[in-house]
Amino acid sequence: MVTGFSGKGFRVKDDVFPDGLLLTPARALRWSDAPAPEQLTLAVLGDLLTIDPLPEFLLLGTGSGLRQPPRAFVRELENMGIGVEAMDSRAAARAWGVLRAEERWIVAALLPL
């Protein structure tokens, strides 16, 4: 769970992720090469989508404000059977906690605040 915010980053337990954060149900990873929302591709997500089974959807935090991801990026994920929910990164971090408490099988990519 994201337990707080620190500057432009996120706090998960005792770790701070200043550059962005990738989350799966099992791990939290620093996203040091997080692009601008309009430059999102599947490649920049690394192995985020390799969990088994595939996640229901990607919770996408687009930074300090809501910005729509590229349509091609969304289409690629939808073609894999993965939905995309975009919102500002603070809202996405809070939604992560709620959805994981419901045991939803999701992943998150949170761009820096």
Side-chain angles (χ1 to χ4, degrees):
M1 284 189 72
V2 177
T3 56
F5 306 100
S6 177
K8 290 187 165 198
F10 307 91
R11 182 176 301 280
V12 177
K13 295 187 181 183
D14 294 328
D15 298 319
V16 175
F17 298 83
D19 302 320
L21 179 61
L22 298 171
L23 292 166
T24 73
R27 62 190 174 141
L29 299 169
R30 181 177 177 207
W31 194 12
S32 58
D33 57 349
E38 57 274 2
Q39 296 173 332
L40 284 165
T41 65
L42 291 186
V44 302
L45 297 177
D47 67 352
L48 183 68
L49 303 174
T50 62
I51 64 173
D52 186 30
L54 285 174
E56 296 175 54
F57 61 88
L58 167 70
L59 186 59
L60 178 63
T62 59
S64 61
L66 172 61
R67 294 166 65 186
Q68 293 302 317
R71 188 69 198 134
F73 173 76
V74 173
R75 265 195 308 275
E76 281 185 275
L77 287 165
E78 288 173 344
N79 287 340
M80 295 172 64
I82 301 170
V84 178
E85 295 292 332
M87 58 192 72
D88 72 73
S89 289
R90 286 181 188 271
R94 289 188 297 271
W96 173 265
V98 171
L99 293 167
R100 285 299 301 141
E102 295 174 356
E103 298 185 5
R104 301 287 298 271
W105 195 250
I106 60 174
V107 293
L110 307 179
L111 294 167
L113 302 167

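- Atom CG of Leu23 and atom CG of Leu29 lie 8.0 Å apart (nearest 0.5 Å).
- Of all heavy-atom pairs spanning Pro112 and Ala34, the tightest one is CD-CB, 4.1 Å.
- Note on Val107 and Leu21: separate hydrophobic clusters, where clusters join Ile, Leu, Val, Met, Phe, Trp and Tyr whose side-chain heavy atoms are under 4.5 Å apart, directly or indirectly.
- Pairs of residues two or more places apart, or lying in two chains, that qualify as salt bridge (charged side-chain N to carboxylate O under 4.0 Å, His left out) and include a residue from residues 68-80 are Arg71-Glu78.
- The nearest pair of heavy atoms linking Gly61 to Ala92 is CA-CB, 3.8 Å.
- You'll find the side chain of Ser89 reaches within 4.5 Å of the side chain of Phe10, heavy atoms only.
- Follow the hydrophobic side-chain contacts under 4.5 Å out from Phe17 and you reach Phe5 in the same cluster.
- Note that CZ of Arg90 is 11.5 Å distant from CG of Leu110, once rounded to the nearest 0.5 Å.
- What you find for Val44 and Leu40 is that their closest heavy atoms are CG2-CD2, 4.0 Å.
- The side-chain heavy atoms of Leu111 and Arg67, taken from C-beta on, include no pair separated by under 4.5 Å.
- Atom-to-atom distance recorded for Leu49:CG and Ile82:CD1 is 4.5 Å, nearest 0.5 angstrom.
- Counting heavy atoms from C-beta outward, Leu59 and Met87 have side chains that approach closer than 4.5 Å.
- Each of Leu60, Val84, Leu54 was compared with Leu77 under the side-chain contact (heavy atoms from CB on, under 4.5 Å) criterion, and only Val84 meets it.
- Under the side-chain hydrogen bond (donor to acceptor under 3.5 Å, both in side chains) criterion, the residue pairs touching residues 95-113 are Glu56-Arg104, with sequence neighbours excluded.
- Side-chain contact between Ser64 and Asp88: absent, with no pair of heavy atoms (C-beta onward) separated by less than 4.5 Å.
- In the hydrophobic clustering (ILVMFWY side chains linked at under 4.5 Å, chained through shared members), Leu66 stands by itself.
- The two residues Trp31 and Ala109 have their closest heavy-atom pair at CZ3-CB, 3.5 Å.
- Annotation: side chain of Leu45 is in contact with side chain of Leu58 (closest heavy-atom distance under 4.5 Å).
- Residues Leu48 and Ala108 approach most closely at CD2-O, 3.8 Å, considering heavy atoms.
- Glu85 is linked by a side-chain hydrogen bond (donor to acceptor under 3.5 Å, both in side chains) to nothing, counting only residues two or more places apart in sequence or in another chain.
- Note on Ile51 and Met80: same hydrophobic cluster, where clusters join Ile, Leu, Val, Met, Phe, Trp and Tyr whose side-chain heavy atoms are under 4.5 Å apart, directly or indirectly.
- For Asp19, the side-chain contact (heavy atoms from CB on, under 4.5 Å) criterion is met by Arg30, Ser32, not counting sequence neighbours.
- In terms of heavy atoms, Met1 sits closest to Val12 at O-CG1, 3.6 Å.
- Under the side-chain contact (heavy atoms from CB on, under 4.5 Å) criterion, Thr3 pairs with Arg11, sequence neighbours left out.
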